2 protein chains.
Amino acid sequence: MTLPTGRRERKKAATRQKIADTALRLFLERGYDAVGIRDVAAEADVAVTTVFSHFASKEALVFEQDQDFEQRLTQAVTRRARHEPLIPALRREIEALVRHCTADSAAPIWHMVDASPALREYEESMRLRHAESLAMAIAADPDLPQTTTVCRTIARFVIDAHSLAREAADPETALDEIFRMIEAAWAATRPSTDAHSCSGTASRGRVGDSPE
Amino acid sequence: MTLPTGRRERKKAATRQKIADTALRLFLERGYDAVGIRDVAAEADVAVTTVFSHFASKEALVFEQDQDFEQRLTQAVTRRARHEPLIPALRREIEALVRHCTADSAAPIWHMVDASPALREYEESMRLRHAESLAMAIAADPDLPQTTTVCRTIARFVIDAHSLAREAADPETALDEIFRMIEAAWAATRPSTDAHSCSGTASRGRVGDSPE
DNA sequence: CCTTAAATGCTAACCGTTAGTGTTACGGTC
DNA sequence: GACCGTAACACTAACGGTTAGCATTTAAGG
């Protein structure tokens, strides 16, 4: 059992962090497109191949902590309180993540992302991965006997919520609107929970008690 | 105004088509990654720069007709019958497009797409563009006085429906499930029209006070 | 016919990314 | 402590998508 504080691992983590910090600094200073991988490597005093041994691509340098994101989402499902409804738990997590993205300190980064097509594209593929992970987590919950399609659909909707709320002028209000829709979509998948159940072609489901 | 059948435009269109056909043939014969742009250019008997004057990227060679896709979606909104409900109109169009994608003749292409991360990523960015166009079309409809967020959300959901149904084992059933959810989400945005209101487990609309 | 501009060709390069090949330094073992 | 396996890193060179710069053809219109 190697202790988690081996010198090797510390050095590796330090190198990775130095690369990420240097890259982000240069990107913000000169612009993402104006900084090459060779620049980052030189400034961080490592070889180009070392950069790519820590990060799969240039874009990955910007989204350094996306694994945290993914894990927080799945844990919002797996570690929620017993019998706690799914959607509110997800909403809490998305709300926290949106707040994190829209914080003032993160603003320059997202401005850079929005300005670069390559970064936007990369973010898109990340979102797809996150949606798949989330769908797996939902499908694995024994309290939620849903089809694969429903799990994947709800997962996509939730990820969409994050993306749309982040870009909205008023993220809080946007989350309200979007999650009202997601609640309704989720409710439409379980026509038999309580006896009310207006099933059939389910044109219009019930409208949730509007808080206004 | 020059007539749309000038010799120049015909030749240009022919060149474009020859490049696209050659590229798709080579991709299917040897695999997407095994064929370089220089191969495509040589086989189509054009210069590399000519390829890029017709197509923005290598991936765009595969999704040659995505503009048709986008146009069909927006027209499903703008050209639908007077007072026809939005969602069923969109569902019809998505259903047709999914059928088109899952046809036997298109199977090898989508197999290639699913096998290539670059193509998948490109398809993702396409979907985002399509969703934005669709959101614009929905927002422009005077019969649908919705907020920007609601329009963008519904647009994303519909695009998600296409993506998920295309990948599902049974696309027809998947579309049924997903559009039942989308109908409910859409209905939840208009609480005042006419409420049949079969309310089940009352979802809480008011979250957002305590983030922790 | 002659001018103009669009379409295409050719060359060379840029940049992200990877393969191949060593070299170093840490970790576990004797 | 000496030893060995291996993870981390360096270096070079190259590949492949993409673009700039400039030359050349060819259709369009006066």
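Treat the numbers as computed from the prediction; the structure is a model and nothing was measured. Proteins come first, then strands; the chains are lettered A, B, ... in the order of their sequence lines, and each starts at number 1.
Side chain A:Arg38 to base C:dG16: a donor-acceptor pair is found below 3.5 Å.
Using a cut-off of 4.0 Å between Lys/Arg side-chain N and Asp/Glu carboxylate O, B:Arg129 and B:Glu132 are scored as not salt-bridged. Look at A:Glu124 and A:Arg127 and you find a salt bridge, because one of the NZ, NE, NH1 or NH2 atoms lies within 4.0 Å of a carboxylate O, short of that distance.
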Every protein N/O lying under 3.5 Å from an N/O of nucleotides 20-24 of chain D:
none

Protein-nucleic acid N or O pairs under 3.5 Å, nucleotides 5-7 of chain D:
residue: D:dT6; atom: O2; partner: A:Arg8; partner atom: NH2; Å: 3.0
residue: D:dA7; atom: N3; partner: A:Arg8; partner atom: NH2; Å: 3.4

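For A:Phe27 and C:dG16, the CZ to C1' distance is 11 Å, given to the nearest whole Å. As rounded to whole Å, 10 Å separates atom P of C:dT17 from atom CD of B:Glu121. In this structure, B:Tyr32 atom OH and D:dG16 atom P are separated by 13 Å, rounded to whole Å. In this entry the distance linking CD1 of A:Ile19 with P of C:dT17 reads 14 Å, nearest Å. Computed from coordinates, the B:Lys18 NZ to C:dT8 P distance equals 12 Å when rounded to whole Å. With rounding to whole Å, A:Phe52 atom CZ is found 9 Å from C:dT18 atom C1'. For the pair A:Glu9 CD and C:dG28 C1', the interatomic distance rounds to 13 Å; values are reported in whole Å.
Of the candidates D:dT18, C:dG16, C:dT8, C:dT8 carries the atom nearest the B:Thr50 side chain, counting heavy atoms from C-beta on.
Not counting sequence neighbours, B:Arg8 has no partner by the salt bridge (charged side-chain N to carboxylate O under 4.0 Å, His left out) test. For A:Glu123, the salt bridge (charged side-chain N to carboxylate O under 4.0 Å, His left out) partners are A:Arg166, not counting sequence neighbours. In terms of the salt bridge (charged side-chain N to carboxylate O under 4.0 Å, His left out) criterion, A:Asp39 has no residue partners (sequence neighbours excluded). Under the salt bridge (charged side-chain N to carboxylate O under 4.0 Å, His left out) criterion, B:Arg156 pairs with A:Asp160, not counting sequence neighbours. Take A:Asp68 and apply the side chain to side chain contact (heavy atoms under 4.5 Å, CB included) test, not counting sequence neighbours, and it matches A:Gln65. Listed by chain and residue number, B:Arg80, B:Glu84, B:Arg92 satisfy the side chain to side chain contact (heavy atoms under 4.5 Å, CB included) test with B:Ala89 (two or more places apart in sequence, or in another chain). Under the side chain to side chain contact (heavy atoms under 4.5 Å, CB included) criterion, A:Thr50 pairs with A:Thr15, A:Ile19, A:Val46, A:Ala47, A:Ser53, A:His54, not counting sequence neighbours.
Nucleic acid contact class of A:Val46 (heavy atoms, under 4.0 Å, all strands): sugar-phosphate only. Note on A:Val35: only backbone sugar-phosphate atoms sit closer than 4.0 angstrom, heavy atoms only; bases stay farther off. If you check every strand for non-hydrogen atoms under 4.0 Å, B:Val40 touches nothing. B:Asp45 comes within 4.0 angstrom of sugar-phosphate atoms only, judged by non-hydrogen atoms across all strands, and of no base.
Under the side chain to side chain donor-acceptor pair (under 3.5 Å) criterion, the residue pairs touching residues 167-176 of chain B are A:Arg152-B:Glu167, B:Arg91-B:Asp176, B:Arg99-B:Glu172, B:Arg120-B:Glu167, B:Asp170-B:Thr173, with sequence neighbours excluded.
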Hey, can you pull the donor-acceptor pairs under 3.5 Å for the side chains in residues 70-77 of chain A, sequence neighbours left out?
residue: A:Glu70; atom: OE2; partner: A:Ser133; partner atom: OG; Å: 2.4
residue: A:Arg72; atom: NE; partner: A:Glu93; partner atom: OE2; Å: 2.6
residue: A:Arg72; atom: NH2; partner: A:Glu93; partner atom: OE2; Å: 2.8
residue: A:Thr74; atom: OG1; partner: A:Glu70; partner atom: O; Å: 3.4
residue: A:Thr74; atom: OG1; partner: A:Gln71; partner atom: O; Å: 3.0

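Checked by atom type and distance alone, the side chain of B:Thr102 pairs as donor or acceptor with a backbone atom of B:Val98 at under 3.5 Å.
Between B:Lys11 and D:dT26 there is no side-chain N or O to OP1 or OP2 distance below 4.0 Å.
Near-neighbour residues of DNA chain D inside residues 54-66 of chain B, defined by a heavy atom below 4.0 Å, number-ordered: B:Ser57, B:Lys58.
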